[in-house]
Structures are given as structure tokens and as C-alpha cells.
Visitor: 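Below are the C-alpha cells for one structure; questions will follow.
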Amino acid sequence: MARLYGFLFLAQVVLAVFALISCLSAEEGEIRALPRIAWVLIILFFPLVGSIAWFAAGREPTARRSPTAWPMGNGFSERERRPVAPDDDPAFLSSLADRARRDDQERLRRWEDDLRRREDELRRQEGDRDRPEV
């Protein structure tokens, strides 16, 4: 008899977990009769009755649901949609191009400065050789 009660208790817990997951993952338009928070509290405080009530009256029947189980898109509206990866973001890509351009300009400026410095040193050395020693 204890095994039967243990099995029934386990079945009740599993049913409550499934009902809770179903309630929390349902879209707002699929929830009927009560707000989501009320259904969550009913399922938590009355696991057996609340779970059965959720599957019977709380959610829209499967016949009325859309044929696809997953909603289209990633859950964000078009206005809120952001690039998923940095290489998909045009602003990030343009900032990379700007950064590369600035780095190239800075590198070129340093090379030119170094070249001028070396040329000045060579001119000074040439000038020192041409002068007679006293």
C-alpha cells in the first residue's frame, strides 16, 4: 500500500511540474480564465486539482492553437531586434573599419616620423664628414 501512495505522490508531483512548465511557457493569448500568476499559485498550492484545472480550463485547447509549436522569430519584436553576433551588427563593423583606419594612419605617421629622424641623422653624419677637422 505504501508503494501505491508513493507512486501516486510521484505522479502528482510530475503532473504539477508539467503544468507549471506549461503555464510559464504559454503565450499570453493562450491563457484563459485567470492571469498567469493566479494559475501559478493555484498549481503550487493545490498541485493535483490546480494541474488538472490548468490543463482543462486554463490554457487554450490544442485544436485552436497555431500549427507550429514555436512562435516565429526569436521572441523580440522587429523594433527591439538586435543583432545576434557582433559580426551581424553594422555599427560594430563600421567601428572596426574606423579603428583600423585610425591605426593605419597612426602607424603611417610613426613611420614618417622615424624616416625623417633617420634622414636628419644621415644628413648630420654627412655634414660632419664634409667639414675639415681643425
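Along the sequence shown, the residues carry numbers beginning at 1.
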Visitor: Ile31 and Leu44: same hydrophobic cluster, using ILVMFWY side-chain contacts below 4.5 Å?
Guide: yes
Visitor: Rounded to the nearest 0.5 Å, what separates atom CZ in Phe92 from atom CZ in Arg99?
Guide: 6.5 Å
Visitor: First locate atom CG of Leu115, then atom CG of Asp120, and finally report the distance between them rounded to the nearest 0.5 Å.
Guide: 9.5 Å
Visitor: Return the CG to CG distance between Leu20 and Leu15, rounded to the nearest 0.5 Å.
Guide: 11.0 Å
Visitor: Treating Ile, Leu, Val, Met, Phe, Trp and Tyr as nodes and any side-chain heavy-atom pair under 4.5 angstrom as an edge, say whether Val13 and Ile42 lie in one connected cluster.
Guide: no
Visitor: Quick one: does any side-chain atom of Arg36 pair with a main-chain N or O of Leu24 as donor and acceptor, under 3.5 Å?
Guide: yes
Visitor: Hey, could you give me the CD/CD distance between Glu30 and Glu28, rounded to the nearest 0.5 Å?
Guide: 10.0 Å
Visitor: Tell me the closest heavy-atom pair linking Cys23 and Trp54, and the distance in Å.
Guide: CA-CZ2, 3.4 Å
Visitor: How close do Ala91 and Ser94 get, counting heavy atoms only, and between which atoms?
Guide: O-OG, 2.9 Å
Visitor: Out of the candidates Arg124, Arg118, Arg117, Arg123, only one should pair with Glu121 under the salt bridge (charged side-chain N to carboxylate O under 4.0 Å, His left out) rule; please name it.
Guide: Arg117
Visitor: To the closest 0.5 Å, what do you measure between OG (Ser51) and CH2 (Trp39)?
Guide: 10.5 Å
Visitor: Ser22 side chain to Phe18 main-chain N or O, any donor-acceptor pair under 3.5 Å?
Guide: no
Visitor: Do Arg109 and Glu106 meet the salt-bridge criterion of a basic N to acidic O distance under 4.0 Å?
Guide: yes
Visitor: Transitively linked via ILVMFWY side-chain contacts under 4.5 Å: Val17 with Val40?
Guide: no
Visitor: Is any side-chain heavy atom of Arg116 closer than 4.5 Å to one of Asp113?
Guide: yes
Visitor: Could Arg107 and Asp104 be called an ion pair, given the rule that one side-chain N must be under 4.0 Å from one carboxylate O?
Guide: yes
Visitor: With sequence neighbours left out, which residue pairs that include part of residues 2-13 fulfil the salt bridge (Lys or Arg N to Asp or Glu O under 4.0 Å) condition?
Guide: none
Visitor: Please report the interatomic distance CZ(Phe46) to CG(Leu41), rounded to the nearest 0.5 Å.
Guide: 10.0 Å
